[in-house]
Every structure is written in structure tokens, then in C-alpha cells.
Amino acid sequence: MAGKDYIFASPSIAIIALCTLSFFLEMIPGIGDAYFNAFYFDPNYLITRPWTLITYIFLHNGLVHLLFNMLVLYFFGTALERRIGNRQLLAIFFTAGILSAIGYTFLTQPIFNISPGPMVGASGAIYGVFAALTILEPDIRVYVYFVPMKLKHALVLFALFDFLMINSSDMIAHTAHLSGLFVGLYMGFRIKKIQENALRSRYIGRW
């Protein structure tokens, strides 16, 4: 019972559960392809398939893709929700996810002369969580491929990698990652400012 309560109490764990369930649905013979085709995001059908701005987040292209994203979300998502609460975590996750798809749609072609194709995965949304947590807790120690570093340095490293790889043919939506990152930075700064103002008001009120 406690485990069930934890799933509903933690939006990050709930998202992980939904992504895992979605991945198993993708694998079911006979319906997996239809399920995948109904919910992936394609910039060419942004207007006629608006629901895919959200549903693509819960699809993943392979087990490694799923495991990596869910592992990152588990550590960063649960840390952020403890810091700011469940509602704000969900706001950051889905805002970053939606704007990642929009950024991928409108930035890829005109800036980098690459035609954007279909996209799936929670990476853009997770980048938003990653960036927001970095603004609030920049000195958290993390391990990047077994190398210890501060969270702010890890974010710079990943952002630099995505920027340098934009013109590559690795089938990764780097512009979506960067769009989610900037959304997370913006929302993280706003939350930090609100928290600082609230703390300042309580402090002044005591005198």
C-alpha cells in the first residue's frame, strides 16, 4: 500500500510508471504500431495532431532510450519535487515538453538547415527539470559517466554537447533538448525569485 501511495504522491514516479507502461504497449504485436503512430510527434502535422505535443513524451524509441530518460527523471525529478512541490514539478515538466516540440519544429529548419522529422521521448521535458533544479541547487554533486561534478557543470556540459551536435546525423533532437533546457532555466529563475521574495518578506515582517 505504501508503494502505491508513493506513486501517487510523487509525480516523477507516476510519469516513470506511465512511460514504462506506454513502452510495453508499443511492444505488443498487432497494436503496438498503431499505438505508436497515433501518439508520436511530427512537426508537419502540428496543427492537425495537437495532442501529440504531450503524448510524444510518453513514447520511447528502444529500451536504452527509455531507461536513460527514466533514470535521469528519477534522480532529478524527485529532487526537484521535494524542493518546489508536485504541482510546480508537473508545470515545469509539461511546459518544457510542449515547448521542446515547438522549438524543435520552428528552430531546426531555419537556423540549422535541417528538416525536422518525427520525434518521441521525454528528453526535452527532463531537460527542463534538469535546468530548473540546477538554478535552485547548482552545487548538488552528480556523476556523469562516473565522473563526479557539480550539477551546474553537468548542465553546461550537456548543453554544450547538444549545441555542438545539432548538425550531426545521430537522430537525436538536439534543438528539442536545448529548448527544454531554456524553458527550465526560465522557470527555475522565476521560482527562485518568488521564493527569495517570500523569504525576504517573512524576514522583514519580524522586525
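Residues: numbered from 1 along the sequence shown.
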State, with a plain yes or no, whether a side-chain heavy atom of Val142 is found less than 4.5 Å away from one of Phe75.
no
Taking the side chain as C-beta and beyond, is there a heavy-atom pair between Tyr127 and Val183 under 4.5 Å?
no
Are there more than 12 heavy atoms of other residues, nucleotides or ligands under 6.0 Å from atom OH of Tyr186?
no
Would the distance check show the side chain of Glu26 and the main-chain N or O of Leu59 forming a donor-acceptor pair, the cut-off being under 3.5 Å?
no
Just say parallel, tilted or perpendicular for the rings of Tyr56 and Phe41, cut-offs at 30° and 60°.
tilted
Report the C-alpha separation of Met187 and Phe189 in whole Å, then their side-chain angles, then the decisive distance to 0.1 Å, and conclude whether the side-chain contact (heavy atoms from CB on, under 4.5 Å) test is met.
CA-CA 5 Å; Met187 297 185 75; Phe189 275 118; over 6 Å; no
Applying side-chain contact (heavy atoms from CB on, under 4.5 Å) to Leu90 and Ile15, what does each step give before you reach the verdict?
CA-CA 10 Å; Leu90 288 171; Ile15 290 168; 4.1 Å; yes
With heavy-atom distances below 4.5 Å as the criterion, would you say the side chains of Phe94 and Ile54 are in contact?
yes
At what distance, to the nearest 0.5 angstrom, does CE of Met119 lie from CG of Asn61?
12.5 Å
Is any side-chain heavy atom of Tyr40 closer than 4.5 Å to a side-chain heavy atom of Thr55?
no
Hey, does Ile191 have a side-chain heavy atom less than 4.5 Å from the side chain of Arg83?
no
Is the shortest heavy-atom distance from the side chain of Ile102 to the side chain of Ser179 under 4.5 Å?
no
Go through the steps to decide whether Phe39 and Val120 satisfy the test side-chain contact (heavy atoms from CB on, under 4.5 Å), and finish with yes or no.
CA-CA 9 Å; Phe39 297 121; Val120 297; over 6 Å; no
For the student: nearest non-hydrogen atoms of Thr105 and Pro43, plus distance
OG1-CB, 3.6 Å
What I'd like to find out is whether the side chain of Arg141 reaches to under 4.5 Å of the side chain of Met149, using heavy atoms alone.
no
Take atom CG of Asn44 as the centre, draw a 6.0 Å sphere, and report whether it contains more than 12 heavy atoms from other residues, nucleotides or ligands.
yes
Rounded to the nearest 0.5 Å, what separation is found between the CZ atom of Phe161 and the NE2 atom of His177?
9.0 Å
Exercise: identify the closest heavy-atom pair between Leu53 and Ile57
O-CD1, 4.2 Å
Output the distance between atom NZ (Lys150) and atom CG (Leu155), rounded to the nearest 0.5 Å.
14.5 Å
If you define the side chain from C-beta out and look only at heavy atoms, does anything of Tyr45 sit under 4.5 Å from Thr52?
no
From Ser100 atom OG to Phe182 atom CZ, the distance as rounded to the nearest 0.5 Å
11.5 Å
Measure the CG-OG distance between Leu89 and Ser12 for me, rounded to the nearest 0.5 Å.
4.0 Å
Between Leu107 and Leu178, does the side-chain contact (heavy atoms from CB on, under 4.5 Å) criterion hold? Intermediate values first, please.
CA-CA 10 Å; Leu107 295 178; Leu178 293 171; over 6 Å; no
Does Ser22 reach the main-chain N or O of Leu18 with its side chain, forming a donor-acceptor pair under 3.5 Å?
no
